[in-house]
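See structure below.
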Amino acid sequence: MVYGLDIIENQPGKPVLKANNSLLCVNPHWTEAKITSFDGNKGDIYKLLNALIMTHLSAYQTIEAHASLIDVGGKGLMYLGPSGIGKTTQAELWGKYRNATIINGDMVFIKKEGNRFYGCGSPWHGSSSYCLNRKVPLYALIVLKQSKENSIRRLTGFEMVSEVMNSVFFPTWYEKGHEAVCKILDTLLQSLPIYELSCYPDENSVKLTEEAIFGR
C-alpha cells in the first residue's frame, strides 16, 4: 500500500489503483482513466483523482508536495512538513504580519517552466480553507520543525535531499513518472535555497525567516 492506495495490476500494461471500495483503471500512458466506486465514498474518489492527476502531471515537469504556499510580493515561499507540524499556521502568520497571500495550506504543485520553478495551487487543501488557482515564482523552500525557540539554517547535501523528499509524492506505480519526479526534484534542489525553520508560532518566526531569506 502506498499513500493509502493498493496497487493492482490485473491487466497487462494497465495499472489499477484501489482505495477501499473504489478503483482507478488507467491506460499505459496515464492519459485515459476510469474511476469506479462501489459505495460512493467521496474521500476515496478524491484520493484516486489526486493519484491520477499527480501521475499525469509528472510527465509535464510537475511534482506534488505536502506543503503550504504563500505569495510575498510576487515571491513564493513554500513550507514543507507532515500534517500537524504548523504549515498553515506559518502561512497565516505571514498573512497577518506581512500581508502575504496564502495560495494553499496543504497540497502544492511545483512546476518547472524554462529555467524557473513555480509554486501552484491545487484542488486539495486538507483541513485548511486556502485553495487559490494561481501560481507564483518560487524563491525558497522551508522545512518546518516545531520548537520552543526560533532558529533557521540553510540545508545542504544529503540532509537537504532527505528532508525535501519526505514531503514530495512519488508515483511509484508508474516507472516513467517516478523517474521524471526524481529528475525534476534534483534540478529543484540545485536551483533553490532550502532552509530548516525550528520555531514557535509567533511573529518572531516570520521576522527570522524574512531576515534569512530576503536579507531584511
* Determine, stepwise, if the pair I184 / F117 fulfils side chain to side chain contact (heavy atoms under 4.5 Å, CB included). => CA-CA 10 Å; I184 300 166; F117 282 93; 3.8 Å; yes
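- In plain terms, the two heavy atoms of L24 and L48 that are nearest each other are CD2-O, 3.7 Å.
- Side chain of Q146 to main chain of I85: a donor-acceptor pair is present (N/O by atom type, distance under 3.5 Å, no hydrogens or angles).
- Minimum heavy-atom separation, L141 to L188: CD2-CD2, 4.1 Å.
- Using modelled atom types, one side-chain atom of S191 and one backbone atom of T187 make a donor-acceptor pair closer than 3.5 Å.
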Intermediate values then yes/no, side chain to side chain contact (heavy atoms under 4.5 Å, CB included), L69 and Y130 = CA-CA 10 Å; L69 174 65; Y130 305 101; over 6 Å; no
- Message: Is there a side chain to side chain contact (heavy atoms under 4.5 Å, CB included) between N21 and N41? Walk through the geometry before answering.
- Response: CA-CA 8 Å; N21 292 318; N41 187 298; over 6 Å; no
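- For the pair I142/Q90, no side-chain contact is recorded, criterion being any heavy-atom separation below 4.5 Å from C-beta on.
- Under the salt bridge (Lys or Arg N to Asp or Glu O under 4.0 Å) criterion, R154 pairs with no residue at all, not counting sequence neighbours.
- Heavy atoms of other residues, nucleotides or ligands lying less than 6.0 angstrom from CG of N133 number 12 at most.
- Contact between V136 and K75 at its shortest, heavy atoms only, is CG2-C, 3.8 Å.
- Put simply, the side chain of E203 does not reach to within 4.5 Å of the side chain of K96, judged on heavy atoms.
- In this structure S198 satisfies the side-chain contact (heavy atoms from CB on, under 4.5 Å) test together with K145, S147, S151, E196, sequence neighbours excluded.
- With 3.5 Å as the limit, one finds a donor-acceptor pair spanning the side chains of N20 and D44.
- Side-chain N or O atoms of K87 include one that pairs as donor or acceptor with a backbone N or O of P82 at under 3.5 Å.
- For the residue pair P123 and F109, the shortest heavy atom distance occurs at CD-CE1, 4.1 Å.
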Q | side chain to side chain contact (heavy atoms under 4.5 Å, CB included) assessment of R98 paired with E210 | A | CA-CA 10 Å; R98 297 297 186 270; E210 186 177 46; 3.1 Å; yes
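- Clustering ILVMFWY residues whenever any of their side-chain heavy atoms sit less than 4.5 angstrom apart, transitively, puts Y97 in a cluster other than the one holding Y200.
- Here the closest non-hydrogen pair linking L5 and A19 is CD2-CB, 3.7 Å.
- What you find for V16 and C25 is that their closest heavy atoms are CG2-SG, 4.0 Å.
- Checked by atom type, the side-chain pair T31/N27 shows a donor-acceptor distance below 3.5 Å.
- A distance-only check finds no donor-acceptor pair linking the side chain of N204 to the backbone of K207 [under 3.5 Å].
- Under the 4.5 Å side-chain heavy-atom criterion for ILVMFWY residues, no single connected hydrophobic cluster contains both V108 and Y118.
- A donor-acceptor distance shorter than 3.5 angstrom exists from the side chain of T88 to the backbone of G105, with no hydrogens or angles considered.
- Distance alone, capped at 3.5 Å, is enough to place a donor-acceptor pair between the N104 side chain and the W124 backbone.
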Just list the side-chain donor-acceptor pairs under 3.5 Å for residues 165-180, sequence neighbours left out, or say none.
unit_1, atom_1, unit_2, atom_2, d
N166, ND2, S162, O, 3.2
S167, OG, G81, N, 3.3
W173, NE1, T55, OG1, 2.8

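- The residue from T62, L185, L138 that alone fulfils the side chain to side chain contact (heavy atoms under 4.5 Å, CB included) condition with I110 is L138.
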